[in-house]
Amino acid sequence: MIIDVLTLFPNMYDNFLTESIIKRAIDDKKVKVNIHNIRDYTVYNNKQVDDYPFGGGGGMILMCDPIFRAIDDLKKEDSIVIMMTPSGKVFKQSIAYDLSKNKHLIILCGHYEGFDERIKSIVDLELSIGDYVLTGGELPSMVVMDSVIRLIDGVINENSLMTESFNDGLLDYPNYTKPAEYRGMKVPEVLLSGHHQNIAKYRHEERVRLTKENRPDLLGGNYE
Ligand code: ADE
């Protein structure tokens, strides 16, 4: 997969791309991430990329031309153009899974007050990472990239993906490691029993209990 990111703050991605699983996925050529500065695409004086909104109001709006030029330059036949915006569709695991099957993503990150509305005409998907407003789309784009890249075939061991939260509409079960007792807190007996069927039953029950407790919306009336 190739991911092209358009941003006004390319340095924000330095650590993200050079640590842990994302670094390994890049080193193993599972993904190539190119960070582009939107200012490199402007033809306006002083590298201008934004301006005041027509009709008044605070903040600056990203202009059409630098973004249209960038997309013209980067877009191929099979590209998906994603705009990070708090007014987009709320991102979730099933969207990450769908995106992980694509060959080329282009991710647009706004800053300040957002984008000229006409930019949406060249966007396939508007994504928000949640109901809060951040200073820009850079952190949201990293959230999307992280969750998508780890789902690319061969990046993470399949087994660890199978039971993780959201895959089948349930949260993950609780895990424990050594020691078996810590400050008076004991690991549930069943996990030490070696009885695989009982362990699987216990884990499923824990997933249902946790989901009911923390995210009843995911159950949508099931398991009642
Ligand atoms: N830009 C600012 N806030 C955002 C959010 N919550 N999701 C996506 N992009 C954003």
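As the structure is a computational prediction, the values presented were derived from the model and not from experiment. Numbering starts at 1 and runs along the sequence shown. Indexing begins at 1, ligand by ligand and atom by atom, following the structure's order.
- For ligand 1, the atoms lying closer than 4.0 Å to a non-hydrogen atom of Gly136 are 1 (N), 2 (C).
- The structure places CZ of Arg118 at 8.0 Å from CZ of Phe68, a figure rounded to the nearest 0.5 Å.
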Show your working on side chain to side chain donor-acceptor pair (under 3.5 Å) between Tyr13 and Ser141 and close with a plain yes or no. CA-CA 10 Å; Tyr13 295 85; Ser141 77; 2.7 Å; yes

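- Counting heavy atoms closer than 4.0 Å to ligand 1, residue Thr135 contributes nothing at all.
- Atom 7 (N) of ligand 1 has as its closest protein heavy atom Ile129 N, 3.0 Å.
- A salt bridge links Asp65 and Arg69; the closest N-O separation between the charged side-chain nitrogens and carboxylate oxygens is under 4.0 Å.
- The pair Lys120-Glu126 counts as a salt bridge, with a side-chain nitrogen and a carboxylate oxygen less than 4.0 angstrom apart.
- Atom 3 (N) of ligand 1 has as its closest protein heavy atom Leu134 N, 3.0 Å.
- Within a 6.0 Å sphere centred on CG of Asp131, heavy atoms belonging to other residues, nucleotides or ligands number 12 at most.
- The protein atom (non-hydrogen) at minimum distance from atom 10 (C) of ligand 1 is Pro86 CD, 3.5 Å.
- Both cation-pi conditions hold for Lys101 and Tyr97: the charged atom is under 6.0 angstrom from the six-membered ring centre and inside a 45 degree cone around its axis.
- Heavy-atom contacts of Gly130 reach the following atoms of ligand 1: 6 (N) (cutoff under 4.0 Å).
- For atom 6 (N) of ligand 1, the closest non-hydrogen atom on the protein side is Tyr132 O, 2.8 Å.
- Proximity of Pro140 to ligand 1, defined as any heavy-atom pair under 4.0 Å, is confined to the side chain (atoms from C-beta onward).
- For ligand 1, the polar-atom distance check finds no N/O of Val133 at less than 3.5 Å from any of the ligand's N/O atoms.
- When non-hydrogen atoms are compared, ligand 1 lies under 4.0 Å from neither the backbone nor the side chain of Asp131.
- For atom 9 (N) of ligand 1, the closest non-hydrogen atom of the protein is Thr85 N, 3.2 Å.
- Between Val148 and Met1, the closest side-chain pair of non-hydrogen atoms falls below 4.5 Å.
- Residues Val208 and Leu170 have side chains in contact (heavy-atom distance under 4.5 Å, counting atoms from C-beta outward).
- Here is the list of ligand 1 atoms found below 4.0 Å of a heavy atom in Leu127: 8 (C).
- At least one side-chain heavy atom of Met63 sits under 4.5 Å from a side-chain heavy atom of Gln48.
- Residue contacts with ligand 1: Leu139 is excluded, as none of its non-hydrogen atoms falls under 4.0 Å.
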